[in-house]
Amino acid sequence: MTPTDGAETRPARRFRVPVATAVLAIIIIAPLVITGAVNLHQFRNAYRTKVSNELSVMIERHSLTVDSFINDRLSDIRVIAREHPIDRLRQPEFLRRVLNLMREEYHGAFVDLGLVDANGIQVAYAGPFNLLMADYSAAAWFQDAVASESVISDVFAGLRGSPHFIVATQKTIGDELFVVKATIDFEAFNALVENLRIGSTGFAFIINREGEFQTDPHFEVALNRPPWVHLLEGRIRSDRISVLEGEDVLGREAIFTIAPLKQGQWFLCYQQETSDAFAELRAVQEFSAVVLIIVSLAAIFAGYLISRNLAQRLADAYRDRNVMAHQVIETGRLASIGELAAGIAHEINNPVAIMVQEAGWIDDLLGEGDPCSGENLEEIMRAVTQIRTQGDRCKEITYKLLSFARKTDPTIREVQLNEVVDEVIGLTSQKTRYANVHIETELSPNLPSIHASPSELQQVLLNLVNNAIDAIERPGGTVTVATKMVGEEVVLEVRDTGKGIPEANLGRIFDPFFTTKPVGQGTGLGLPICYGIVEKMGGRITVESEIEKGTIFTVFIPREAPGGVENVETETRGDRS
Amino acid sequence: MMEPSVLLVDDEVAFVETLVKRLKKRNVRVSAAHSGYEALEKLSASGPTKIDVVILDVKMPGMDGLETLARIKEEHPLIEVIMLTGHATVESAIDGMKKGAFDYLMKPCEVDDLLEKLNEANDKKREREDKILEARASLISLRRGD
């Protein structure tokens with residue numbers, strides 16, 4: 001078929017479906033991801049603020065409860081110390097009665113009650129243990145109670161060996177100092193925070209300034225772990241609630257909400273694993289990810305469909321364009337033939353006119369009476385010879401035209417450029433004669449044959465020569481067709497001594513339908529077609545022009561065929577009989 | 001009626017020769033030229049053997065038919081010109097008529113058609129010459145005051 005066959009797949013190859021799919025998918029997915037990320041980020045911030053606020057509110061409420069529990073117990077002991085005279089407080093019976101009363105009232109929160117003198121000796125005691133005359137002079141709570149008016153101790157095992165803490169207050173009689181003290185049941189106190197559970201991992205506990213547990217924490221957190229001072233180090237304040245994130249003692253990401261108790265001596269801590277606290281956020285994130293994946297897959301699929309469709313259309317369009325280009329070249333060839341035909345019609349008309357006259361002359365002679373008289377016979381025979389001569393002339397002309405019109409085959413073969421030049425000059429001889437243009441050739445004798453379509457080459461040359469002849473307006477101009485070898489290129493040059501091309505038009509001469517010839521005389525397709533043909537051959541065409549001096553069109557054709565040697569038919573010119 | 005005196009101009013020698021013979025057979029006084037220059041020379045040199053009608057081929061190398069027509073009309077305005085043309089040059093023939101040619105004929109043509117056109121052209125020329133003579137006569141009589 002045509003040599004354009006190989007080129008048809010070129011745009012399809014240039015337009016890669018996977019690349020286009022990727023580009024389209026990115027165009028669709030990228031904004032989605034960006035807006036999604038921004039939304040998710042804002043949602044995350046809002047959600048964290050919400051969680052943190054909720055935790056703060058809850059912990060604040062509980063810290064108030066715990067604080068008021070401790071303060072109430074201290075107040076209770078202060079009331080007892082201030083209300084009752086020292087004599088009564090010295091009586092164990094009285095103490096037991098008061099203790100029983102308070103245990104009834106507070107559901108066993110008080111374990112025991114005692115009176116300690118200034119030397120730290122418990123002088124009166126009511127409770128389940130035998131602690132009368134116990135010496136507390138070395139106990140921290142006692143020293144604190146002596147130093148300040150009243151005290152709430154840290155939780156400690158003490159003499160009895162089970163965790164508890166003590167509330168104590170001074171009672172002075174004259175110069176004599178006593179301390180009234182009560183022990184608070186750890187279990188009762190522990191219940192205040194133990195029930196504080198949220199989610200599956202949230203739990204609460206109380207620590208002192210040294211990070212020691214004041215309540216029994218979550219079952220997983222062993223009491224013998226190092227003190228949780230790391231929670232307190234420079235990160236929290238004793239006057240408000242802090243929300244922190246970090247690793248817990250087991251190395252899990254956790255969120256800590258910490259509220260001060262007892263004027264900043266204890267801290268109520270609430271710990272929850274981050275993944276648990278933000279479970280809802282995680283669910284939203286997972287849902288978003290799933291939606292994004294589904295949308296992305298859809299986008300990729302849609303991108304693929306669109307790209308494939310586009311590639312198909314592109315290939316179709318390119319094929320159409322190729323067909324069209326082929327048709328344009330064919331149209332141009334026909335236009336060249338038309339132009340040629342006008343010249344040739346005149347050329348053929350002359351011999352026909354002679355034949356008609358000779359035939360008429362014979363007629364005249366035959367009508368004269370004696371056609372066989374010597375003189376007449378001689379005239380008739382001369383006329384017949386003339387008719388035959390002119391007939392031959394006609395035959396020659398029609399042959400030239402036909403040999404041009406018949407060559408529609410764009411097959412690439414080996415062509416001798418010089419032969420094409422000779423043919424085209426033969427075709428244009430009539431035109432040059434009437435236009436008073438002298439045509440010259442400067443053909444290099446050692447020109448190698450080139451790989452090209454003879455008919456297309458002929459078309460290029462005919463167009464250039466026709467243009468050159470048309471460019472010459474004054475009689476006596478010269479058109480020179482030259483061939484030569486420059487490097488690896490065969491060069492064809494068509495020079496004229498015509499009017500030249502104005503610089504403004506020089507850039508447009510290869511544009512289709514651009515013509516300076518009068519309407520009906522130029523199609524504006526000649527040079528664009530030349531350009532197309534030469535480009536297809538892998539060559540190039542250049543133009544130099546000077547006003548009133550002339551124009552030079554130069555065609556460079558590579559010696560080797562652009563498509564390689566495989567499309568070259570070596571049986572040359574078989575069809576040119 | 002007097003037969004016209006004709007100059008046939010065409011670059012095809014064989015055509016001219018045969019047509020001259022045929023016209024002569026029909027009592028036309030005919031001479032031939034093979035280019036525009038030759039035609040103009042012959043017209044200038046004709047003198048007393050005056051040419052009435054020129055048959056002029058449109059397409060000729062050198063000076064073409066239209067240019068020759070213009071020169072003839074310039075130098076010899078009374079001579080009538082019949083353009084002879086091939087199909088491709090009908091436009092130029094019409095162009096020629098606008099520039100003062102009497103008529104045109106398509107090649108190849110019948111000799112009788114040519115004769116007819118020749119006579120018409122000749123008649124027109126005579127008519128015009130008569131009018132000019134008349135005008136001159138009246139001018140002269142005006143001057144003489146008759």
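Note on naming: letters A, B, ... go to the chains in the order of the sequence lines (proteins, then strands), and numbering restarts at 1 for each one.
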Counting neighbours of [atom1] on [X] that are heavy atoms of other residues, nucleotides or ligands and sit closer than 6.0 Å, is the number greater than 12?
X: Glu396(A); atom1: CD; result: no
X: Phe102(B); atom1: CZ; result: yes
X: Glu110(B); atom1: CD; result: no

**Derivation and outcome, side-chain contact (heavy atoms from CB on, under 4.5 Å), residues Arg382(A) and Thr18(B)** = CA-CA 11 Å; Arg382(A) 189 205 56 80; Thr18(B) 312; 4.1 Å; yes
**Asked** Is there a side-chain contact between Arg26(B) and Asp364(A) (heavy atoms, below 4.5 Å)?
**Response** yes
**Asked** Is there side-chain contact between Leu365(A) and Lys21(B), with heavy atoms separated by less than 4.5 Å?
**Response** no
Out of curiosity, [X] [atom1] to [Y] [atom2], how far, rounded to the nearest 0.5 Å?
X: Met355(A); Y: Phe15(B); atom1: CE; atom2: CZ; value: 12.5 Å
X: Arg22(B); Y: Ile362(A); atom1: CZ; atom2: CD1; value: 10.0 Å
X: Asn350(A); Y: Asp10(B); atom1: CG; atom2: CG; value: 6.0 Å

For the student: nearest non-hydrogen atoms of [X] and [Y], plus distance:
X: Pro108(B); Y: Val352(A); answer: CG-CG1, 3.6 Å
X: Ala14(B); Y: Gln386(A); answer: CB-NE2, 3.5 Å
X: Val356(A); Y: Cys109(B); answer: CG1-O, 4.1 Å
X: Thr85(B); Y: Asn349(A); answer: O-ND2, 4.4 Å

**Fill in**
Interface check, chain A: of Glu17(B), Lys25(B), Met63(B), most non-hydrogen pairs under 4.5 Å belong to Lys25(B)
